[in-house]
Amino acid sequence: MAVTTPANMKHWDSQELQQLRKRAKAWFLKKGRALPWRESNDPYRIWISEIMLQQTQVVTVIPYFHRFLQAFPTVIALANAPEEQVLLHWSGLGYYRRAKQLHAAAKVIRDQHNGSFPTDFESVLALPGIGRYTAGAICSFAYDARTPIVEANTQRLFARLLRLKGQLAEKPIQDQLWFFASSILPERSGSGAVNQAVMELGSQICTPKEPSCQECPLRELCPTFANGEQATIPSPKPPKVYEEKVEAALVVQNEATELLLRRCQPGERWAGLWDFPRFDVTTVKSASQLEQSISEQFESRFGASVCLQEELLQLKHGVTRYRITLRCFRATLDVSTTQVSEASNKGVGHDTQWCSASNLKEIPLSSTGKQISEHLRKLLDANGP
DNA sequence: AATCCGGGGAT
DNA sequence: ATCCCAGGATT
């Protein structure tokens, strides 16, 4: 009996690799999902989908993908659009840096690639927002290039097929995964089909918990299945530790019943997006302190005084290592002090605006901003007729 | 290697 | 509640 060591990972000979390719492709033809970005080999559509799919699940992406393609049917249309319009169609999807880099890359393609998506791996990799995985995915899916891919689905599948022990984030493990990703690709054509197939297998069969090994076409080739180690390979990630925060958002209306919005600044969370005025009140202990803290922070930022009114709703959301409780209050401006218009002109004027409720859907907001908007719309509907 | 960037679906 | 997701860029 051989000793089990990290070096005891499975070795794949060329015949087994050939079987893997054949079985994975056959399974994909039968069981693969029909997804919008699989309908063509258009690199533009594939590119958009790959950026949207970074750290974001398929079901979430699908409606955004359709709306985005309708708004920006070509890379030229995307390159020529104002950034705010690009952000608007990304609003709610998260990781807004992706949208900005997508926009920047579209300009590079327009200005340096004659408006057509580059076809060689190095040029694709050089585009903003595109790393090793995304470049490999685009090139193999769109051009059938022999480029390997390692991402959430395939790294889990490959780790099990290789019986790799250890954290997936570790460099030696990553090296093994990328080497294997290359070794499964056929010599001549068909890399795109193989990559699609193994991704889909990782996604639909080789799931993190309780993988569907009974239905897996690679079951007989899998050392992790043979040893019943699906629960420990790959190694579970250490749990994240979150920091609790409490923030307050203000719904401030002017005489025209428009709402005060502020553009998030570079370096801030959601830079470039608009949000209801928001303040950190994590350290506040009492209700009176809360009112005072918000008043002071509003005054120093907008140069006007507000009076806190009723609490409209509470939302909970996460940003990186923070778990945020967001308390949303209605607030009124204290007209005895500074005028509203002056408030909106303090600092950079175009980073503050009054927006009618009906125009909120034209403004790129974060997800919580959209949730507050939706809440207000329901209030208006309830009081309107 | 660690951190930042967001949000939502699944369990 | 917790885990996880078609990652990339920065430090």
Side-chain angles (χ1 to χ4, degrees), chain A residues 32-33 35-38 45-65 87 90-102 104-105 124-141 147-157 167-174 177-178 181 192 195-204 206-211 231 234 236-244 264 266-273 275 315-324 326 364-371:
Chain A
R33 292 167 294 177
L35 299 172
W37 43 89
R38 287 180 175 161
R45 295 171 64 88
I46 292 170
W47 171 45
I48 302 298
S49 76
E50 288 301 333
I51 302 299
M52 286 187 169
L53 285 160
Q54 287 171 3
Q55 297 293 284
T56 309
Q57 296 183 159
V58 166
V59 288
T60 306
V61 165
I62 288 175
Y64 281 88
F65 180 79
L87 285 174
W90 209 270
S91 172
L93 197 52
Y95 288 111
Y96 300 95
R97 179 186 298 166
R98 293 182 296 175
K100 297 172 195 171
Q101 291 172 325
L102 190 74
V124 174
L125 183 63
L127 293 170
I130 295 184
R132 189 178 180 183
Y133 160 72
T134 303
I138 293 171
C139 290
S140 72
F141 299 163
T147 47
I149 54 170
V150 174
E151 41 66 69
N153 297 309
T154 49
Q155 73 177 4
R156 182 176 56 248
L157 174 68
Q167 294 293 326
L168 292 178
E170 294 168 10
K171 182 74 162 69
I173 302 288
Q174 284 294 312
L177 293 171
W178 280 99
N195 280 341
Q196 292 268 12
V198 290
M199 277 182 78
E200 191 78 348
L201 266 178
S203 162
Q204 302 300 112
C206 200
T207 51
K209 293 174 190 169
E210 298 179 22
K237 291 180 188 172
K240 291 179 184 172
V241 179
Y242 292 102
E243 183 178 336
E244 297 290 335
C264 304
E268 291 180 338
R269 196 159 67 203
W270 302 318
L273 277 77
D275 197 11
L315 302 171
K316 288 185 182 295
H317 68 108
V319 180
T320 64
R321 69 177 196 274
Y322 302 106
R323 306 295 300 184
I324 300 169
L326 181 63
L365 299 167
S366 68
S367 187
T368 53
K370 291 175 83 167
Q371 288 177 58

Of the nucleotides [options], which one has an atom closest to the side chain of [X]?
X	options	value
A:Tyr95	C:dG8, C:dC5, B:dC5	B:dC5
A:Thr134	B:dG6, C:dG8, C:dC4	C:dG8
A:Trp37	C:dC3, C:dA6, C:dG8	C:dA6
A:Lys237	C:dG7, B:dC5, C:dC4	C:dC4
A:Arg33	B:dG7, C:dG7, C:dA6	C:dA6
A:Gln101	C:dC4, C:dA6, C:dA9	C:dA9
A:Pro239	B:dG9, C:dC3, B:dG6	C:dC3

With heavy atoms under 4.0 Å as the rule, sort [X] into base, sugar-phosphate or nothing.
X	value
A:Glu151	sugar-phosphate
A:Arg38	base
A:Ser366	sugar-phosphate
A:Lys240	nothing
A:Ile51	nothing
A:Trp90	nothing
A:Gly92	sugar-phosphate
A:Ala137	nothing
A:Leu102	nothing
A:Thr56	base

On DNA chain C, does the nearest nucleotide to A:Gly129 precede the nearest nucleotide to A:Phe141 from the 5' side, or the other way round? Give the residue. A:Phe141
Between A:Leu127 and A:Leu53, whichever has its closest DNA chain C nucleotide further toward 5' is A:Leu53
Taking the side chain as everything from C-beta on, heavy atoms only, tell me whether [X] gets closer than 4.5 Å to [Y].
X	Y	result
A:Gln167	A:Pro238	yes
A:Leu102	A:Trp47	yes
A:Phe65	A:Arg45	yes

Say whether A:Gln54 and A:Arg98, considering side chains only, have a donor N or O and an acceptor N or O under 3.5 Å apart. no
Do A:Thr368 and A:Gln371 get their side chains close enough for a donor-acceptor pair, meaning under 3.5 Å? no
Is the distance from OP1 or OP2 of [N] to the nearest side-chain N or O of [X] less than 4.0 Å?
X	N	answer
A:Arg156	C:dC4	no
A:Arg321	B:dC4	yes
A:Thr368	B:dG7	no
A:Thr60	B:dG9	no
A:Trp270	B:dG7	yes

Take the protein atom [atom1] of [X] and the nucleotide atom [atom2] of [N], then report the distance between them rounded to whole Å.
X	N	atom1	atom2	result
A:Arg323	C:dA1	CZ	C1'	9 Å
A:Leu93	B:dG7	CG	P	9 Å
A:Glu243	B:dT3	CD	P	13 Å
A:Tyr242	C:dT2	OH	C1'	8 Å
A:Ile62	C:dC5	CD1	C1'	14 Å
A:Tyr96	B:dC5	OH	P	13 Å
A:Arg132	C:dA6	CZ	C1'	16 Å
A:Leu125	C:dA9	CG	P	8 Å

Assign each of A:Leu273 and A:Lys171 the nucleotide of DNA chain B bearing its closest heavy atom; nearer the 5' end lies the nucleotide of A:Lys171
Of A:Gln55 and A:Pro172, whose closest DNA chain B nucleotide lies nearer the 5' terminus? A:Pro172
Could you tell me how far B:dG6 sits from C:dC5 if I compare only their C1' atoms? Round to whole Å. 12 Å
Please give the distance between the P atoms of C:dA6 and B:dA10 as a whole number of Å. 12 Å
Rounded to the nearest 0.5 Å, how far apart are CH2 of A:Trp178 and CZ of A:Arg132? 4.5 Å
Using the rule side chain to side chain donor-acceptor pair (under 3.5 Å), only one of A:Glu151, A:Gln57, A:Arg156, A:Arg33 pairs with A:Ser203; which is it? A:Arg33
Any sub-3.5 Å donor-acceptor pair from A:Ser91's side-chain atoms to A:Pro364's backbone N or O? no
